[in-house]
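In what follows, every chain begins at residue 1, and chains take the letters A, B, ... in the order their sequences are listed. Computed from a predicted structure; not experimentally measured.
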Number of protein chains: 2
Amino acid sequence: MLVTLSDVAQLAGVSPSTVSRVVNNNGYVSEAIAKRVMDAVAELDYRPNVVARSFRSKTTMTIGVVVSDLTNSYFMDALGGIEEVLSPEGYLLLIASSNNVVSRELQYCLEFDHRRVDGTILASAGASPAKLSTVFRKDSRVVLIDRMIDGAGFDCVLDDNESGVNQLVEYLVEQGHQTFGVVSGPLSISAGSERVDAFERALARAGYDVRPEWKWIGEFTDEYGYGAGQLLAALQEKPSAVFCANNALAQGLLLSLNDAGIRVPDDVSVVSYGTLANGKLFRTTVTCVEQPARETGRAGARLLLERIRGNDEPYQVLRIPPRLSLGESVRRIESLRTNR
Amino acid sequence: MLVTLSDVAQLAGVSPSTVSRVVNNNGYVSEAIAKRVMDAVAELDYRPNVVARSFRSKTTMTIGVVVSDLTNSYFMDALGGIEEVLSPEGYLLLIASSNNVVSRELQYCLEFDHRRVDGTILASAGASPAKLSTVFRKDSRVVLIDRMIDGAGFDCVLDDNESGVNQLVEYLVEQGHQTFGVVSGPLSISAGSERVDAFERALARAGYDVRPEWKWIGEFTDEYGYGAGQLLAALQEKPSAVFCANNALAQGLLLSLNDAGIRVPDDVSVVSYGTLANGKLFRTTVTCVEQPARETGRAGARLLLERIRGNDEPYQVLRIPPRLSLGESVRRIESLRTNR
DNA sequence: AATTGTTGTGATAGCGTTGTCATAGCGTTG
DNA sequence: CAACGCTATGACAACGCTATCACAACAATT
């Protein structure tokens, strides 16, 4: 019913093989024949059947990307970087958002495997290595971004969380802060544990710590951030600075503080790991670690490309250094000395 | 190299046909055999080759979605609605952003066609019916959302722009505004022409108009909005209210007015067709037409599903009514009478 | 002149799945 | 009990393409 290679071959008076060579631009084809074929293609309005091609050639030129939250600008930026690298190479992206639900994440990865993607880029919501290994085959090409999974045995590109957090703490201490709170997603995710650990370690070096009752560990969502903000607002005694381990948390926290009538930075200072989405309109007014999202995406895509092209060296972990971006969400504490 | 249907069949001691029936859950299969097959599937860790399946069955269970700007929350919301309808039906989405470049839009649509998607949902950046008909085949299933294309002959779901704009104008006039500016994307796109036309018609009914020098027609991007804001800021005599035909324009305009030291709404009032992305954090502070993005996506997906399932009635245009959302970007003009 | 390599083309054989048809056993019905 | 429909399974072909091989024709090298 639809025009096939053979139809074109017949009209051009050549073999299907030759038409295939022309449309794929590989193998030896003479100028004259190529032109004859292309004319036939145009005349019949031939559309290559990519499904048949993929079936035969066992390569789909498709990359699956699973992120944990598509509405988060970090992942959108990373996606941009991925596309930037993969699109010119002829790959199409299959994009899915797990919405921070691990089971959905696994489900998408499995679906992608069934659809025979050439590789998968995964920003995990916290899948275990065990679960992951049931989903992927031993020869699956997978690159993790933003969140590392120990023991999964995949390439990984992520922030140098330690460096980012250190810059943040340095700045906070410099500004005179002495009491600190933390809001984070699950510590089972590297983005959680690494940032929180680094935060506490950096504080320790400066002679401070985080009081247990000022630690809120939940999900990497603005909803959880909002809830944490409510708890914070209700506290009699508050930390002078609160560290949010990602931008969604910061967003929720700031909104809830605003709703509760707590002013930032007058009443409490807030810093975020990750840029706030709305910085564009209202300028970046939150002091934060500016994540190299796009570069992370690019690096992940490049790593995956190498794997597809046969690189079978041991997997590697790439750390990309972020930089501090100063906003107006941190108060300078001049002289006040609290006894601790 | 990989486990196939036949491998499973062999282990289970049945024919490939039977295994196919089991894994697809269609046709007659006895309980006993089904169990035997499923055990074999589990033991071999069989993964259906969806590419082969698609090739044979001529249906990919894939829907292509081309939007003009993935970073725009309107399209993200619409995407959510689309996914909500299509995902439970087993469809996977192929998502692409044309970034308002018509050639890229066409390219993606063509690529999707080659990949044999079962249907396409398109928020066009302004492709002509002629171009579109070279890309799609006569039996292509296509649904347009947000932007209608006259003469394309496809189903279409979009805002009742007239109603939305009327509500806006009514409110502006009620607040005492008498001089108006407009910022819009191309009038070749229905979202542009319909909104601008409706705006001018509604104003005319109220006895007002838009001065030619207060009309800025460009692209539906925040960049263009920013530029328009600069032009506006530089004007000696300004309109008292400016209508932005989409949210990206409003975003850019507001940012540039802010940069130029023009206060909203004190110096100039701004209204937007479409919700501002950052309403979430800073609350909706811009008076705007709240678009039924998610419902538009849902309706488009449902329309497409019907087409796929064989509905071949004449194509239809669905208009979804939006509603006004009051913010703080419009000043009430009490008594001032300007002579015009 | 013989050998080798390069270029250009065709014939053939599947890839893994499912649609279609054939067949056979069974229960129900007039 | 013959006729029929329903259930259950297998055999077989074919989907459109490309990998592989085979083979020419010709050029370049020994």
Side-chain angles (χ1 to χ4, degrees), chain A residues 1-41 44-62 90 111 113-118 137 139, chain B residues 1-41 44-62 90 111 113-118 137 139:
Chain A
M1 60 148 205
L2 218 54
V3 181
T4 72
L5 257 191
S6 316
D7 298 331
V8 177
Q10 206 160 2
L11 179 62
V14 296
S15 76
S17 309
T18 301
V19 179
S20 171
R21 279 189 279 260
V22 173
V23 302
N24 291 300
N25 196 30
N26 64 10
Y28 296 113
V29 183
S30 67
E31 283 294 321
I33 293 263
K35 177 162 180 0
R36 204 131 57 83
V37 169
M38 300 209 302
D39 286 349
V41 163
L44 297 177
D45 188 26
Y46 165 72
R47 321 279 184 119
N49 186 332
V50 174
V51 175
R53 179 187 313 197
S54 296
F55 172 50
R56 178 64 234 249
S57 66
K58 310 213 156 303
T59 163
T60 55
M61 295 306 283
T62 303
E111 172 73 18
D113 178 89
H114 292 173
R115 287 180 183 249
R116 297 296 190 267
V117 295
D118 294 337
R137 286 176 278 104
D139 60 341
Chain B
M1 62 148 204
L2 218 53
V3 180
T4 72
L5 258 191
S6 314
D7 298 330
V8 177
Q10 205 161 0
L11 179 62
V14 297
S15 76
S17 307
T18 302
V19 179
S20 172
R21 279 189 278 262
V22 173
V23 302
N24 291 301
N25 197 28
N26 65 10
Y28 295 113
V29 184
S30 67
E31 283 292 322
I33 291 264
K35 180 166 178 352
R36 206 134 53 86
V37 168
M38 299 208 305
D39 286 349
V41 163
L44 297 177
D45 188 25
Y46 166 71
R47 319 278 184 119
N49 186 332
V50 174
V51 175
R53 200 211 308 270
S54 295
F55 173 50
R56 176 63 232 248
S57 67
K58 310 210 156 303
T59 160
T60 54
M61 295 306 283
T62 303
E111 172 74 17
D113 178 88
H114 291 174
R115 287 181 183 249
R116 297 296 193 265
V117 295
D118 294 338
R137 285 176 278 105
D139 59 342

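- Look at CG on B/Asn26: it is 9 Å from C1' on C/dT18, rounded to the nearest Å.
- Picking from D/dG10, C/dT12, C/dT9 the nucleotide with the shortest atom distance to the side chain of A/Ser30 gives C/dT9.
- A straight line from CZ of B/Arg36 to P of D/dA8 spans 14 Å, rounded to a whole angstrom.
- The residue A/Thr4 sits close only to the backbone: its heavy atoms come under 4.0 Å of sugar-phosphate atoms, none of a base.
- The CG atom of A/Asp7 sits 9 Å away from the P atom of D/dG16 (whole-angstrom rounding).
- One can place CG of B/Asn25 at 17 Å from P of C/dT17, the figure rounded to the nearest angstrom.
- Distances shorter than 4.0 Å separate none of the side-chain N or O atoms of B/Ser17 from OP1 or OP2 on D/dT9.
- The side chain of A/Ser15 contributes an N or O atom lying less than 4.0 Å from OP1 or OP2 of C/dG10.
- Centre separation under 5.5 Å together with a plane angle under 30° holds for the ring of A/Phe55 and the six-membered base ring of C/dC15, marking them as stacked.
- Side chain of A/Arg36 to backbone of A/Ala12: a donor-acceptor contact under 3.5 angstrom is found.
- Summarising the base pairing, C/dT20 is matched to D/dA11 through a Watson-Crick or G-U wobble pair whose two defining distances lie under 3.5 Å.
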request  = Decide yes or no on salt bridge (Lys or Arg N to Asp or Glu O under 4.0 Å) for B/Glu31 and B/Lys35, but give the supporting numbers first.
outcome  = CA-CA 6 Å; B/Glu31 283 292 322; B/Lys35 180 166 178 352; over 6 Å; no
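- Across the protein-nucleic acid pair, A/Met61 atom CE and D/dC17 atom P stand 17 Å apart, rounded to whole Å.
- If you take CD of A/Gln10 and P of C/dA11, they are 12 Å apart, rounded to a whole angstrom.
- Heavy-atom minimum distance, B/Met61 versus B/Asp118: N-OD2, 2.7 Å.
- Between B/Asn49 atom CG and C/dC15 atom P there is a gap of 12 Å when expressed in whole angstrom units.
- No contact: A/Val51 has no heavy atom under 4.0 Å from any strand.
- Projected onto DNA chain C by closest heavy-atom contact, B/Ala52 and A/Gly27 fall at different nucleotides, the more 5' of which corresponds to A/Gly27.
- When each of B/Arg21 and A/Val50 is assigned the nucleotide of DNA chain D bearing its nearest heavy atom, the one mapping closer to the 5' terminus is B/Arg21.
- One atom, CZ of A/Arg47, and another, P of D/dC17, lie 13 Å apart when rounded to the nearest Å.
- Closest of all the heavy-atom pairs between A/Met38 and A/Val22 is CG-CG1, 3.8 Å.
- Across all strands, A/Ile33 comes closer than 4.0 Å only to sugar-phosphate atoms, never to a base (heavy-atom distances).
- Comparing A/Arg56 and B/Pro16 by the nucleotide of DNA chain D whose heavy atom lies nearest to each, the residue mapping closer to the 5' end is B/Pro16.
- A donor and an acceptor atom never sit less than 3.5 Å apart when one is taken from the side chain of A/Ser57 and the other from the base of D/dA19.
- The nucleotide C/dT28 finds its pairing partner in D/dA3, both defining distances of the Watson-Crick or G-U wobble pair being shorter than 3.5 Å.
- Taking only side-chain nitrogens and oxygens, A/Tyr28 never comes nearer than 4.0 Å to OP1 or OP2 of C/dG8.
- The minimum heavy-atom distance linking B/Val3 with B/Val8 is given by the pair CG1-CG2, 4.2 Å.
- Looking only at distances, no side-chain donor or acceptor of A/Ser20 sits under 3.5 Å from a matching main-chain atom of A/Pro16.
- On a pure distance criterion of 3.5 Å, no polar donor-acceptor pair joins the side chain of B/Arg53 and the base of C/dT17.
- If you check C/dC15, D/dG10, D/dT9 against the side chain of B/Val29, the one that comes closest is D/dT9.
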